[in-house]
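Note that these values count all heavy atoms, side chains included, but never hydrogens, waters or copies made by symmetry. Numbers here are sequence positions counted from 1. Because the structure is predicted, anything quoted here is derived from the model rather than measured.
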Amino acid sequence: MQKLLQQITADMQLEEHYHTLEKALLTLYFHNNCTTKSLAYMTALPIPIVSAMKKEFAKQGWGKHSLTKKGQLAVMQYFQLSGADAELYLQLTTDDAFRIEWISQNISEISTIYEARPIADVTIDQAKCTVETALKRALLALDYTMLLNKRILCLGDDDFISIALAFLIKKIAPHSATKIVVLDIDRRILSTISKIAKDYELSITTDYYNVHEPLPETYADQFDCVYTDTPYTLIGAQLFLSRAINALKPEAMRHVFFSYAKRSYQKHWELQQSLYAMGFVINNIHYDINNYEGAQILGATSQLFVLQTTEQMIPYIPNQRKFTRPIYTGEVEKKSVVYQCNHCKNSHTVGTGNKYTTITQLQSSGCPNCKNNKFSQIKRTIQPLICCSNAHGLL
C-alpha cells in the first residue's frame with residue numbers, strides 16, 4: 001500500500017509527501033465520517049488539496065467522506081489495526097482534558113517499571129525524566145502519525161521512552177507492527193530495557209552503540225522517527241542529530257523528537273542555525289513537556305523540539321569516520337555552583353573537582369555542618385575547557 005500512496009502523491013504532485021495521505025486515511029478510519037473541511041482541519045492541509053485527495057481515495061474504492069469496507073480493510077491491514085481501541089485513539093487525539101486525565105491515571109501503572117532505571121550517569125549528561133514526561137513524549141508520536149506501523153529509534157534512552165512508546169502502542173493497537181530500537185552506550189540501560197521488554201512482551205530491541213562511531217549500516221536509512229535527549233553542548237547535539245539523520249529514511253516528513261537544555265538566546269540561535277543548515281524544519285518547540293528528577297538542568301526542565309526532515313538533509317558530522325572531539329558538558333565546560341544551606345547558611349561549591357559534583361549528591365549527604373538537605377543556589381559560573389583533539393566521549 002505504501003507504493004500506491006507514493007504513486008498517488010506523485011500523481012497529485014503533492015508537496016506534503018505520502019505521509020500526509022497516511023494521516024488522512026487514519027483520520028477517516030477512526031472518525032468514520034469527515035467532511036472536507038473537518039479533514040482539512042485535522043490534517044492541517046488546504047481544502048482544495050484535501051478535496052483532490054478524497055477523489056483519489058474514491059478512485060481506489062476506499063471511499064470519500066467515509067471509508068468503504070474495502071477502504072477500512074486496506075487501512076486496517078496497512079497499520080495493523082486489528083483489535084485497536086478506536087475510542088481511546090479518538091479521545092487521546094481530540095480531547096485535551098481526557099489526555100491529561102489518561103496520563104495521570106497511567107503514571108502509577110508504569111511507575112514501578114521506571115523505578116528500575118539505573119542511577120543517572122551525569123558524566124555523560126544523563127538526567128532521568130519523570131514518568132509523566134515519558135508518557136507525554138510518547139504521545140507526540142501519536143500526534144505526528146509516527147506511532148502505528150513505524151520504525152522508531154531511541155538514540156540513547158536513559159529516560160526509557162522506548163518503554164512508554166511500547167506501553168502506549170499496547171493500549172491503542174496491540175497488534176501493531178511498530179518496531180522500537182534502542183541504541184545506547186550504557187549497558188545498564190540496555191540490559192534493564194531488554195529485561196522489561198521480555199517480561200512485558202514489548203516489541204523493543206536493544207543494541208550497544210557509541211555515538212562517536214559511525215552509525216552501523218544495519219541501522220542506516222531505516223527509521224521513521226528518532227527520539228533523542230542529547231548532551232547539553234552544541235557539538236553534542238550536532239553529533240547526535242547527525243547520527244539521527246543517518247538513521248532516518250531518506251525522505252521528507254520523517255521526525256526527530258529532540259530534547260535539549262534551555263540555553264541563552266545566543267546559544268539558542270546557534271543551535272537553530274545548525275538545525276536549518278542540516279536541513280531540518282522546526283515544526284514545534286514544547287517548553288512544558290520535559291521535567292527531570294533531580295536534574296542539573298536549569299529548573300530541572302528542558303525544551304523539546306519537534307523536527308521534520310526535508311528532501312535535502314546534510315549531517316553536520318559525516319558518518320564515514322570516528323568523531324574524536326569531546327561532546328559532554330563536563331568535557332566541554334567546567335561548571336561550578338555555590339549553594340547555601342537554608343538552615344545554617346554555610347556555603348558549599350558543587351561541580352567538577354569538588355567534593356560534591358552534583359546538587360543531588362550534596363542533598364543526599366546533607367550539609368556537612370548541620371545535615372540539613374535543603375539548599376539555595378547563590379552563584380553559578382561556567383568556564384569553557386580547552387578541547388583535546390584526540391579525546392573520546394561516550395554516547
Side-chain angles (χ1 to χ4, degrees), residues 1-27 39-40 42-53 56-57 78-79 140-155 178-179 181 183 211 214-228 230 234 237-258 260 269-285 304-320:
M1 185 173 176
Q2 180 176 305
K3 289 184 178 179
L4 180 54
L5 294 180
Q6 290 172 326
Q7 184 59 52
I8 294 173
T9 302
D11 292 344
M12 291 180 62
Q13 297 183 336
L14 186 64
E15 292 183 359
E16 281 77 9
H17 205 258
Y18 76 89
H19 171 64
T20 304
L21 301 184
E22 291 182 336
K23 186 173 184 178
L25 286 170
L26 271 175
T27 302
L39 188 58
M42 287 184 278
T43 56
L45 288 171
I47 288 178
I49 290 179
V50 172
S51 180
M53 189 185 298
E56 293 295 329
F57 292 163
Y78 182 57
F79 289 101
L140 287 175
L142 183 66
D143 296 338
Y144 290 92
T145 324
M146 287 287 131
L147 185 70
L148 305 176
N149 190 33
K150 300 298 179 186
R151 287 181 60 83
I152 303 173
L153 172 63
C154 295
L155 188 55
T178 296
K179 303 297 182 184
V181 175
L183 298 181
V211 76
L215 185 75
E217 290 186 10
T218 308
Y219 301 112
D221 305 333
Q222 295 294 313
F223 296 93
D224 295 286
C225 72
V226 175
Y227 278 83
T228 188
T230 75
L234 179 59
Q238 290 167 336
L239 178 59
F240 271 69
L241 291 173
S242 293
R243 301 307 189 223
I245 291 173
N246 299 140
L248 288 167
K249 294 176 181 176
E251 54 190 32
M253 296 187 74
R254 302 303 95 190
H255 285 74
V256 177
F257 302 107
F258 158 51
Y260 190 71
W269 177 82
E270 291 172 356
L271 173 65
Q272 291 199 11
Q273 291 299 305
S274 290
L275 297 177
Y276 294 135
M278 284 187 272
F280 286 114
V281 171
I282 300 176
N283 193 295
N284 207 338
I285 305 177
L304 193 153
F305 291 82
V306 179
L307 306 178
Q308 186 173 292
T309 60
T310 57
E311 298 289 354
Q312 301 294 327
M313 299 302 298
I314 306 172
Y316 182 85
I317 296 165
N319 196 49
Q320 289 76 23

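With sequence neighbours excluded, no residue satisfies side chain to side chain donor-acceptor pair (under 3.5 Å) with T9. Residues satisfying the ring-ring contact (aromatic ring centres under 6.0 Å, His included) test with F258, not counting sequence neighbours, are Y260, F305. Applying the side chain to side chain donor-acceptor pair (under 3.5 Å) criterion to D224, with sequence neighbours excluded, gives K249, R254. Remark: P216 engages Y209, Y219 in a side-chain contact (heavy atoms from CB on, under 4.5 Å) (not counting sequence neighbours). Here Q273 pairs with nothing under the side chain to side chain donor-acceptor pair (under 3.5 Å) rule; sequence neighbours left out. Scanning for side chain to side chain donor-acceptor pair (under 3.5 Å) contacts around D143 gives R99, with sequence neighbours left out.
A distance of 7.0 Å separates CG of L148 from CG of L142, quoted to the nearest 0.5 Å. Here the straight-line distance linking atom CG of L234 with atom CD of Q238 works out to 4.0 Å at 0.5 Å rounding. Between atom CG of residue L14 and atom CD1 of residue I8 there is a gap of 10.5 Å, rounded to the nearest 0.5 Å.
Counted by atom type alone, Y144 and Q308 present zero donor-acceptor pairs between their side chains at under 3.5 Å. Using modelled atom types and a 3.5 Å distance limit, the side chains of E251 and Y18 yield a donor-acceptor pair.
Heavy-atom minimum distance, L215 versus N319: N-OD1, 2.7 Å.
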